[in-house]
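Below: the structure, in structure tokens.
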Amino acid sequence: MTRFLSAKPDARLLPLPWSTPLADWPTDRLVALPRGISRHVVRFIKVDDSVYAAKEVVEHLAIHEYRLLHDLKRLGTPSVEPIGVVTGRTDSVGEPLDPVLITRHLQFSLPYRSLFHTGVRQGTVMRLLDALVVLLVRLHLVGFLWGDVSLSNVLFRRDAEAFAAYLVDAETGELHDALTDGQREHDLQIARTNMFGEFLDLEEGDMLDSSLDPLNLVTTIESRYRELWNELTGVEEYAGSDLSQVESRVRRLNALGFDVAELDIETSPDGSTLRIQPKVVDAGHHQRRLMRLTGLDVEENQARRLLNDLDTFRARKGLQHADEAVVAHMWLTECFEPVIAQIPPELARKRELAQFFHEVLDYRWYQSQRENREVSHVEAAKGYVRDVLAKLPDEAMSAESVVPVEGESIADQAVHQMVNPYDPSLGYVEDQEDEPPYDPWEDAAPADDAPQVLDMAALLRAKAKK
């Protein structure tokens with residue numbers, strides 16, 4: 001009998017055809033979305049206006065990953081939201097089927113192969129790697145040993161000029177009170193091996209910029225990880241007892257997007273040395289401030305950009321001494337909401353709202369420079385919608401994003417047509433040649449019933465005579 005394990009059950013999932021293997025589900029239940037390579041059968045299920053990712057996996061791994069994802073969400077780490085596990089599945093003849101882990105699809109996110117498929121600049125690749133490094137550090141800070149660090153197990157979302165990375169596969173993970181240096185190094189070694197292979201694969205498929213070397217890329221990941229980890233947890237010593245150094249360290253961590261919950265501060269017996277080490281750091285410094293002031297739940301760099309605009313609004317209005325919450329409400333009603341209102345309904349899938357506002361601010365700055373005047377938020381939003389947004393692809397991905405579109409040439413369709421649009425891991429349809437190429441060596445080979453004697457001289461004479 002089919003059973004559902006879920007903390008937030010969605011009754012709309014109950015009548016779905018769980019007695020059918022995921023690979024054989026009817027397409028009217030599925031939506032074609034890009035995803036990473038997986039060793040399991042994965043499908044995206046559409047239920048009314050909700051989209052879920054479903055993965056067939058053995059029971060103990062499904063339940064382990066479900067509970068681990070719950071713990072990661074409780075700890076505030078970037079990961080997909082677990083919905084439930086379907087167990088006790090059997091097919092039409094009573095044969096057992098693997099359980100299904102269900103997670104909520106992360107809107108406006110893309111796997112790395114979708115980002116690289118159309119080609120990305122070197123700077124974009126570095127921003128993707130930085131996002132992955134921040135994710136790995138945040139997971140290690142809460143004591144999560146990933147065990148399978150790779151680009152395939154991550155989704156990326158736009159975060160102002162950067163990216164934010166989310167964990168989507170935790171079946172090999174373990175949660176500890178704290179990680180040892182050896183455990184962290186183990187994850188780094190796995191990351192090096194997996195991602196070197198992924199970059200080689202991109203290089204082989206002509207999807208990696210020729211100026212980028214796979215070995216240099218994985219070395220860069222390691223070095224940036226160590227730099228960020230040392231900044232967040234390392235010990236600093238200063239000559240003298242200048243306590244302003246404490247405030248300076250906290251400001252640096254805030255600039256990186258981390259709050260400091262606890263500092264270990266020691267002074268030498270003679271007061272000549274000050275030693276500072278962060279003991280507890282928590283990501284999301286700007287996110288929390290923006291949420292507290294406005295209720296907007298956005299990515300960290302988006303929050304930083306919106307807060308900068310709020311602070312500029314406050315200075316322009318001469319409200320430096322007014323209550324911060326009052327100013328934030330004025331900014332919402334006079335700046336943010338009028339800008340968002342300029343998005344036509346048919347273009348709402350192009351950008352997430354905070355990312356749209358960030359890009360309008362960029363457009364506004366350049367437009368003001370070109371026209372030598374201060375362009376208003378609303379005027380900039382209208383220009384951005386007209387000049388830029390209408391031409392962008394949808395990022396709330398749909399089936400049309402991965403299935404060939406009408407008007408493509410036959411050659412283009414051969415390049416872009418997937419073997420199965422609901423399972424991108426199967427790759428694209430390859431051109432089939434009408435006849436195999438002629439191979440004289442195979443043609444001169446003896447018949448199957450002839451003695452198999454390796455005589456190179458005889459083969460050469462036969463080939464010359466022919």
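These numbers come from a predicted model, not from an experiment.
- Leu135 is not listed as a side-chain neighbour of Arg138, based on a closest heavy-atom distance of 4.5 Å or more.
- Using a 3.5 Å distance cut-off with no hydrogens or angles, the side chains of Arg184 and Tyr225 do pair a donor with an acceptor.
- The only option from Lys55, Glu171, Glu56 that meets the side chain to side chain donor-acceptor pair (under 3.5 Å) definition with His40 turns out to be Glu171.
- Within the model, atoms CZ of Arg157 and CG of Leu106 stand 4.5 Å from one another, a figure rounded to the nearest 0.5 Å.
- A donor-acceptor pair is defined here as one N or O able to donate and one able to accept, closer than 3.5 Å; no such pair exists between the side chain of Glu65 and the backbone of Leu101.
- Taking both residues in full, the closest heavy atoms of Leu69 and Pro82 are given as CB-CG, 3.7 Å, listed atom of the first, atom of the second, then distance.
- At distances below 3.5 Å, not a single donor-acceptor pair connects side-chain atoms of Asp159 with backbone N or O atoms of Ala162.
- When atom types are taken as modelled, the side chain of Ser368 and the backbone of Val375 share a donor-acceptor pair closer than 3.5 angstrom.
- When ring centroids are compared, Phe156 and Tyr166 stay outside the 6.0 Å threshold.
- Side chain of Lys46 to backbone of Leu30: no donor-acceptor contact under 3.5 angstrom is found.
- How far CG of Leu332 is from OG1 of Thr294: 5.0 Å, rounded to the nearest 0.5 Å.
- Between Pro278 and Leu253, the closest heavy-atom pair is CG-CD1, 3.9 Å.
- The shortest distance between side-chain heavy atoms of Ile343 and Leu353 falls below 4.5 Å.
- Leu129 is listed as a side-chain neighbour of Leu217, based on a closest heavy-atom distance under 4.5 Å.
- The distance from atom CZ of Arg43 to atom CG of Asp24, rounded to the nearest 0.5 Å, is 8.5 Å.
- A salt bridge links Arg252 to Glu236: at least one charged side-chain nitrogen sits closer than 4.0 Å to a carboxylate oxygen.
- Rounding to the nearest 0.5 Å places CD1 of Ile63 at 6.5 Å from OG1 of Thr87.
- Arg370 places no side-chain N or O within donor-acceptor distance of the main-chain N or O of Trp365, the cut-off being under 3.5 Å.
- Within the cation-pi definition used here (under 6.0 Å to the ring centroid, within 45° of the axis), Arg314 does not qualify as a partner of Trp331.
- For the 3.5 Å distance criterion, the side chains of Ser211 and Asp209 qualify, holding a donor opposite an acceptor.
- With a 4.5 Å cut-off on side-chain heavy atoms, Val149 and Leu188 do not count as touching.
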Begin with the C-alpha distance, continue with both residues' side-chain angles, and end with the deciding distance and a verdict on side-chain contact (heavy atoms from CB on, under 4.5 Å) for Leu307 and Leu293. CA-CA 10 Å; Leu307 286 169; Leu293 291 174; 4.2 Å; yes
Residues Arg158, Glu352; criterion salt bridge (Lys or Arg N to Asp or Glu O under 4.0 Å); working and verdict: CA-CA 9 Å; Arg158 294 186 187 277; Glu352 187 269 334; over 6 Å; no
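- The local environment of CD in Glu371 is crowded, with over 12 non-hydrogen atoms from other residues, nucleotides or ligands closer than 6.0 Å.
- For Asp187 (side chain) and Gly147 (main-chain N/O), a donor-acceptor pair under 3.5 Å exists by modelled atom type.
- At a threshold of 4.5 Å between non-hydrogen side-chain atoms, the residues Phe144 and Leu167 count as touching.
- Between the side chain of Thr77 and the backbone N or O of Leu72 there is at least one donor-acceptor pair closer than 3.5 Å.
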Please evaluate residues Ile276 and Val235 with respect to the criterion side-chain contact (heavy atoms from CB on, under 4.5 Å), reporting the C-alpha separation (whole Å), side-chain torsions for both, the decisive distance (0.1 Å), and the verdict. CA-CA 6 Å; Ile276 304 172; Val235 178; over 6 Å; no
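- Side-chain contact check for Trp25 versus Leu16: some heavy-atom pair is nearer than 4.5 Å.
- Side-chain atoms of Glu222 do not come within 3.5 Å of backbone N or O of Arg192 as any donor-acceptor pair.
- For Phe357 and Phe336, the gap between ring centers is short of 6.0 Å.
- Without hydrogens or angle criteria, Asp10 side chain to Arg12 main chain gives a donor-acceptor distance under 3.5 Å.
- Enclosure of atom NZ in Lys317 is not indicated, since only 12 or fewer non-hydrogen atoms of other residues, nucleotides or ligands lie within 6.0 angstrom.
- In plain terms, the two heavy atoms of Ser6 and Gly84 that are nearest each other are CB-CA, 4.1 Å.
- At a cut-off of 3.5 Å, with distance as the only test, a side-chain donor of Ser152 or Glu198 sits close to an acceptor on the other residue.
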Set out, in order, the CA-CA distance, both residues' side-chain angles and the distance that settles side-chain contact (heavy atoms from CB on, under 4.5 Å) for Val154 and Asp169, then state yes or no. CA-CA 8 Å; Val154 173; Asp169 192 326; over 6 Å; no
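- Aromatic ring centres of Tyr52 and His105 lie farther apart than the 6.0 Å criterion allows.
- Salt-bridge formation is not detected for the pair Glu359/Arg364: no Lys NZ or Arg NE/NH1/NH2 atom is positioned less than 4.0 Å from an Asp or Glu carboxylate oxygen.
- Residue Leu212 holds its CG atom at 10.0 Å from CG of Leu202, rounded to the nearest 0.5 Å.
- Thr180 meets the side-chain contact (heavy atoms from CB on, under 4.5 Å) test with Gln183; sequence neighbours excluded.
- When all heavy atoms are compared, the tightest approach of Phe199 to Pro214 is CB-CB, 3.7 Å.
- Using a 4.0 Å cut-off between charged nitrogen and carboxylate oxygen, Asp130 and Arg127 do not count as a salt-bridge pair.
- Proximity of Val385 to Phe356: side-chain heavy atoms (C-beta onward) are separated by under 4.5 Å at one or more points.
- For Arg305 and Glu161, the salt-bridge test fails: no basic side-chain N is under 4.0 Å from an acidic carboxylate O.
- Side-chain contact, Asp362 with Tyr384: no donor N or O sits under 3.5 Å from an acceptor N or O.
- Between the side chains of Gln355 and Gln302, at least one donor N or O lies within less than 3.5 Å of an accepting N or O.
- Defined by atom type and a distance below 3.5 Å, a donor-acceptor pair is missing between the side-chain atoms of His377 and Glu379.
- In this structure, Arg289 pairs ionically with Asp311, as a charged nitrogen and a carboxylate oxygen lie closer than 4.0 Å.
- Side-chain contact between Phe163 and Glu299 is absent, with no heavy-atom pair separated by less than 4.5 Å.
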I would like to know whether Val51 and Ile45 meet side-chain contact (heavy atoms from CB on, under 4.5 Å); could you show each step before the answer? CA-CA 6 Å; Val51 178; Ile45 303 171; over 6 Å; no
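- Shown here for Cys335 and Asp309, the closest heavy-atom pair between the two residues is CB-OD2, 4.5 Å.
- Residues Arg386 and Tyr363 share a closest heavy-atom pair of NH2-OH, 4.0 Å.
- Rounding to the nearest 0.5 Å places OG1 of Thr20 at 10.0 Å from CZ of Arg29.
- Looking only at distances, no side-chain donor or acceptor of Asp148 sits under 3.5 Å from a matching main-chain atom of Thr172.
- Within a 6.0 Å radius of NE2 in His329, no more than 12 heavy atoms belonging to other residues, nucleotides or ligands are found.
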